[in-house]
There are 2 protein chains.
Amino acid sequence: MKGINMIQLAKELGLSVSTVSKALGDSYEISASTKKRVLELAKKYNYKPNPFASSLRKKKSKQIAVIIPDIVNNFFALAVDGIESVTVNKNYDTFIYLTHENLEREKAVLEHLESGLTSGLIISACTGKDGYGHFQQFYENTKLPIVFFDRVPDLLQFPKVISNNYESTFEATVKLIKAGVKRPVFIATEEPLYTSIERRRGFQAALASHSIKFSDDMILECSDDMDKNYAIIRRLLSGKKRPDGIFASIEKYAITTYQVCKELKINIPRDLKIIGMTNLRTAALLNPSLSTLSQPAFEMGREAASLLIKMIEKKSYAAANDIIVLNNELTIRESV
Amino acid sequence: MKGINMIQLAKELGLSVSTVSKALGDSYEISASTKKRVLELAKKYNYKPNPFASSLRKKKSKQIAVIIPDIVNNFFALAVDGIESVTVNKNYDTFIYLTHENLEREKAVLEHLESGLTSGLIISACTGKDGYGHFQQFYENTKLPIVFFDRVPDLLQFPKVISNNYESTFEATVKLIKAGVKRPVFIATEEPLYTSIERRRGFQAALASHSIKFSDDMILECSDDMDKNYAIIRRLLSGKKRPDGIFASIEKYAITTYQVCKELKINIPRDLKIIGMTNLRTAALLNPSLSTLSQPAFEMGREAASLLIKMIEKKSYAAANDIIVLNNELTIRESV
DNA sequence: CACTTTTACGAAAACGTTGTAGGCGTGCTG
DNA sequence: CAGCACGCCTACAACGTTTTCGTAAAAGTG
């Protein structure tokens, strides 16, 4: 950290520090000519205001935090892209924190951010287990604005950006049924994620609406351990009364299902029809091409960031309790 | 931003602020019993030191910046994952900046960071056009440590983390040739990226080593505009003397090639053999499965971050000019 | 016991901004 | 012409730390 500061600028200009500060801040108190002189000298010396001094004094920063479970996932990568598209225009700097689906890590990040490092948070939560007390706690301690997206704590009163998981999963399941599926299975996360729960509800409602009796073995819970998942899905598809349709509620599960089918030589879509929730660009190129229910990830990130910055900049939004719902997109390809 | 500060802690403890500061910093000047009292009260009030005040006073921060062209790309996402795996342990906060392959944006980010917001930078550059003067300029203005990875400015003396692009592309091209390819085409970026240039060199060297005469039309330059690329690749594959082998030097081009083949009903691998540089997890599930040359993205990120933090924390490394080279991995699948 | 050293703490000055309060001259109003 | 507003600028006190320097008491030394 080097470079020139206001004091030196002021000295060279024969002005006071406050005048320089105000000139740089384009204050009405300063004459146009003085502003010009200040700006020119600042430019000449490539002066950059010290962000720490500024944040300290103003008691706020132009920094936000993004807390997500994973970045090696097209959905979250797209969401970050969407967030950045907003923050870059508003001149906010964006910290990124990955929880790796680990609740302890998520708590640690929040704890860390209680220092006031950032002026707001965008979060996609990593699990619903243990409730969401840490979010509430964080908010009470800091009163900082928080926007959740996708994986939101449904019980808490925070602004949220979500997609229509219930409706779109309903729609997708109906598609499977109409394509002839009699025994669909929903591959779920074992963690009680909000999104997952909504999707599950949509799945069950679709069955009900088509008089298919729901049974517990129509839900297959998978974890974050891909080897285990492989084994679980393999067992499912090797079994005698194996399903003829699968709704994979997250990307990884759809891919694993494909891998298992490839190994077991199960013919998709003849023996098994599949729809996966994913934002994979390569879905259309898989063998066979994968039918997808994809989320408007970029837009979700963008909306979340817009909302957060509104909340940061206008106190009136601080108590905002908006819920923004965007639509998922169903694309039927060869796998159905 | 709220919460308690040192002054209040000191008052309640009947100590001076300096003592509290030193106690929290575990200074040898403070007795064990006093430290204990301070720590306990700090904990009771959930005291968090103000990072701005701290950074201001110490003239350094525990913040680094990651500047990459894109996050919606498995390679960079994995690299960020690798970076984070290090920073999280070292208690650094990580800013993320996306240049979207836009040089002006890259320059703007650097300019912004001249404020000293971060203590170091990890960069994957977006183009070699216009040279790399802005990096040099940034370094001269700030003297901050910078580590480049993957897309590195080959002519500048900065520490770098790269993968063996030349050798591995050589190897991959030889595979194509041995599989019977007579007229290979290398799909290159139009931007003179370091990585791309190395790969191109490896490609040409492989041809030479197998007595295939190189001609300019064996290099097809593509841009960042996917629609244009589609048209360009389509033209290539519709042509009369169309190639029988393709080395796609970046992920997107491999995918587009697949799309074109699908549309033109070109049989892979019979009529066209393909190897793509990519970290796609779904490569094995494509139709046909894609042979890949993949980079150790996570490891590259991890190495870059380790190196950067060493440079930040030990002045001795500041002039380090290390180049760390990791190995790419060639996986031959059905597409060859 | 007279002395040095060590231990444990405090006072105060930074770090670079920003915002408040105030001041001084000029011009305008009644 | 007193009074006032206004335009333009300055002094100074924050913001919450860290660090240097100083010092009183306790402990060690011969």
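Convention: sequence-line order gives letters A, B, ...; per-chain numbering from 1. In this text, all values refer to a predicted model and were calculated from it rather than measured experimentally.
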Asker: Roughly, in whole Å, what's the span from CG in B:L56 to C1' in C:dC15?
Answerer: 4 Å

Asker: Enumerate the salt bridge (Lys or Arg N to Asp or Glu O under 4.0 Å) contacts for residues 62-80 of chain B, please, sequence neighbours excluded, ordered by first and then second residue.
Answerer: none

Asker: Using a heavy-atom cut-off of 4.0 Å across all strands, would you classify B:S21 as base, sugar-phosphate, or nothing?
Answerer: base

Asker: N/O contacts under 3.5 Å, protein versus nucleotides 8-10 of chain C?
Answerer:
from   : atom 1 : to    : atom 2 : distance (Å)
C:dC9  : OP1    : B:T34 : OG1    : 2.6
C:dC9  : OP2    : B:S31 : N      : 2.9
C:dC9  : OP2    : B:S31 : OG     : 3.0
C:dC9  : OP2    : B:T34 : OG1    : 3.0
C:dC9  : N4     : B:E29 : OE1    : 2.4
C:dG10 : OP1    : B:S16 : N      : 3.4
C:dG10 : OP2    : B:S16 : N      : 2.8
C:dG10 : OP2    : B:S16 : OG     : 2.9
C:dG10 : OP2    : B:T19 : OG1    : 2.2
C:dG10 : O6     : B:K22 : NZ     : 2.4

Asker: Give the first and the last nucleotide of DNA chain D, reading 5' to 3', that has any atom under 4.0 Å from a heavy atom of chain B.
Answerer: D:dG16 to D:dC21

Asker: Take the protein atom NZ of A:K11 and the nucleotide atom P of C:dG16, then report the distance between them rounded to whole Å.
Answerer: 12 Å

Asker: For a quick test of your reading: what N or O donor-acceptor pairs under 3.5 Å do the side chains of residues 74-84 of chain B make, sequence neighbours left out?
Answerer:
from  : atom 1 : to     : atom 2 : distance (Å)
B:E84 : OE1    : A:H100 : NE2    : 2.9

Asker: So which pairs with a foot in residues 25-39 of chain A pass salt bridge (Lys or Arg N to Asp or Glu O under 4.0 Å), sequence neighbours left out?
Answerer: A:K22-A:E29, A:D26-A:K35, A:K36-A:E40

Asker: Would you tabulate the side-chain donor-acceptor contacts of residues 3-10 of chain A under 3.5 Å, counting partners in other chains and residues two or more places apart, or write 'none'?
Answerer:
from : atom 1 : to   : atom 2 : distance (Å)
A:N5 : OD1    : A:I7 : N      : 3.2
A:N5 : OD1    : A:Q8 : N      : 3.0
A:N5 : OD1    : A:Q8 : NE2    : 3.2

Asker: Within the side chain of A:Q63, is there an N or O that forms a donor-acceptor pair under 3.5 Å with the backbone of A:F95?
Answerer: no

Asker: Would you say A:N5 reaches C:dG16's phosphate, i.e. side-chain N/O to OP1/OP2 under 4.0 Å?
Answerer: yes

Asker: List for me each residue that meets salt bridge (charged side-chain N to carboxylate O under 4.0 Å, His left out) alongside A:E101, sequence neighbours excluded, and say none if there are none.
Answerer: A:R151

Asker: Atom CD1 of B:I7 and atom C1' of C:dA12: how far apart are they, to the nearest Å?
Answerer: 13 Å

Asker: List in chain and number order the residues that pass side chain to side chain donor-acceptor pair (under 3.5 Å) with B:S18, two or more places apart in sequence or in another chain; answer none if no residue qualifies.
Answerer: B:S16

Asker: What residues form a ring-ring contact (aromatic ring centres under 6.0 Å, His included) with B:F135, not counting sequence neighbours?
Answerer: B:Y132, B:F148

